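First comes the structure, then the notes that go with it.
Just so you know, these numbers come straight off a predicted model, no measurement behind them. Letters A, B, ... are given to chains in the order of the sequence lines, protein chains preceding strands, and every chain is numbered from 1.
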Amino acid sequence: MRFVDEFRSPELIGKAGEEIRRLADPRRHYRIMEVCGGHTHAIYRFGLKDLLPSNVELIHGPGCPVCVLPMGRIDDGLSLTAHPEFIFAAFGDMMRVPGTHGSPLEHKARGMDVRIVYSPADALKLARSNPRKHVVFFAIGFETTAPSTALTILQAKAEGVRNFSVFCNHVTIIPAIRAILDSPDMRLDGFVGPGHVSTVIGCRPYEWIATDEGKPVVVSGFEPVDILQSIVMLLGQLRNGEARVENQYKRVVPWEGNRAALRAMAEVFELRPYFEWRGLGFISQSALKIRAGFAEWDSEQRFSVPGIRVTDPKAAQCGEVLKGVLKPSQCKLFARECTPEQPIGALMVSSEGSCAAYYNYQHHKPVTIANAAAG
Amino acid sequence: MCLAIPGKIVEFDLQNPQLAVVDVVGVRRKVDLGLLQDDPPQAGDWVLIHVGFAMSKISEADAADQMRTLAILGEKEAAMEEVRGYGLENESSPGGTRGFVS
């Protein structure tokens, strides 16, 4: 119970649960996708599924940038820095993600100069302090991190730092949602929209989901009460036959997003014609590439990249889990060959990956709020 | 990487006003304010930080909420590790920023 008291508005959690049961039509089965990996993590950690009636099902979406990156891109990035004059710099999340010949950390153990950075600005700083080396920043992330990469490239150009380039793997969330909605084996009733991506892009980019696809979207915060309130809002719309974009996370997300961040992205990046996503295949206009005006700071325009394509390990079913077709525990390797300690697929590496979240919280059944809120 | 970390703006970098020192639960590091140029924060304002860049201005109450969210998600340690790592510094050194005036 002590743990429950630490939540924002603990008294509202039980009420939201009641409201969900009141709004959910027992004759219907609801499938709601939470797009963002941060929400997936929260849902498992707090055992929110246990608060929902059995006909309200949460489907985990593609919003974990480490998880959707195909292995070939990791191989490509590591191939760039095989020579000792290079430094491979990436966020810590990337370090244990398996490539064909091992993760970045394993490459480090074999002698590659691999550094963890917590900000793209620090990768640029590494380049300044290692003038005889070339720093490749392995950039990943949705619109939450892409603006920071853009500003860093602008800074590198302004300063004329020539021993720095970005291997750009930034992806955009909207085409992934479109691909999921186009997928024939997927039926969804609505979306819990991403929180932090929306601080950048705002709420408007989701409007087509409501107007063209007839499905409600509620942009949500990350606390239990936020996610449950968002589900209440979705069920309310569905009960009234409505489909709108609503913003539950107004305290952080402005409807229009962050215009300065969008401008920086537009200045530095353009859309790739297509990009491969793990599990979802090639999706057109779903990723960012660096514009020709910044070619010198683009690893792909500056160096030759092999363009490696690798299929996932056969037994691993990361793709099906990513699309929400399979639950993590339905994968043949889950918790046996593939664990957070020895991950085979990327979904087991990141704390936002549904396999790691499921393994850490569902598998071991730690503290959940379900009992307390029900009591 | 996807953590949104709340911090309070302490002081600006005199050489480069796009940089400011933020305080995150006693750990002080420089972050980039370039993404807030349309609505620049003042010293004392609270911001949400992603990968070393302030992404949005928030209220003090929302900053406290966000820090509690990180704690209950089990991500507070990872967030503090991230903040301590900004500037390629690996050691925690509260108050260790030199060369700034408020």
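Side-chain contact between E75(B) and H41(A): present, with at least one pair of heavy atoms (C-beta onward) separated by less than 4.5 Å. Side-chain contact between T145(A) and F53(B) is absent, with no heavy-atom pair separated by less than 4.5 Å. At a threshold of 4.5 Å between non-hydrogen side-chain atoms, the residues F222(A) and L70(B) do not count as touching. Side-chain atoms of V252(A) and Q66(B), non-hydrogen and from C-beta on, never get closer than 4.5 Å to each other.
Of all heavy-atom pairs spanning G34(B) and A260(A), the tightest one is O-CB, 4.5 Å. Counting all heavy atoms, side chain and backbone alike, M55(B) lies closest to T144(A) at CE-O, 3.1 Å. Nearest heavy atom pair, residue A261(A) against residue L35(B), reads CA-CD2, 3.7 Å.
Checked options R84(B), E82(B), E81(B); the residue passing with Y118(A) is E81(B) (criterion: side-chain hydrogen bond (donor to acceptor under 3.5 Å, both in side chains)).
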| request: List the steps and the verdict of side-chain contact (heavy atoms from CB on, under 4.5 Å) for H50(B) and V200(A). | output: CA-CA 11 Å; H50(B) 287 273; V200(A) 174; over 6 Å; no
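Ranked by heavy-atom pairs under 4.5 Å with chain B, the list N258(A), L154(A), V253(A), T199(A) is led by N258(A).
With a 6.0 Å radius and a threshold of 12 heavy atoms from other residues, nucleotides or ligands, R259(A) has its CZ atom at or below the threshold.
Formation of a donor-acceptor pair under 3.5 Å by the T69(B) side chain with backbone atoms of E223(A) is not found in this model. Proximity of a side-chain donor or acceptor of R251(A) to a complementary backbone N or O of S59(B) within less than 3.5 Å is not detected. Proximity of a side-chain donor or acceptor of K125(A) to a complementary backbone N or O of L88(B) within less than 3.5 Å is not detected.
In this structure, the portions of L126(A) lying under 4.5 Å from any heavy atom of chain B include both its backbone and its side chain. With a 4.5 Å cut-off on non-hydrogen atoms, V197(A) does not touch chain B at all. Neither the backbone nor the side chain of R115(A) comes within contact range of chain B; no heavy atoms are under 4.5 Å apart. Residue contact with chain A, scored on non-hydrogen atoms closer than 4.5 Å, involves the backbone and the side chain of L73(B) alike. Contact of D32(B) with chain A is made through the side chain alone, with heavy-atom distances under 4.5 Å.
Separation of atoms CD1 (I49(B)) and OG (S148(A)) is listed at 11.0 Å; rounding is to 0.5 Å.
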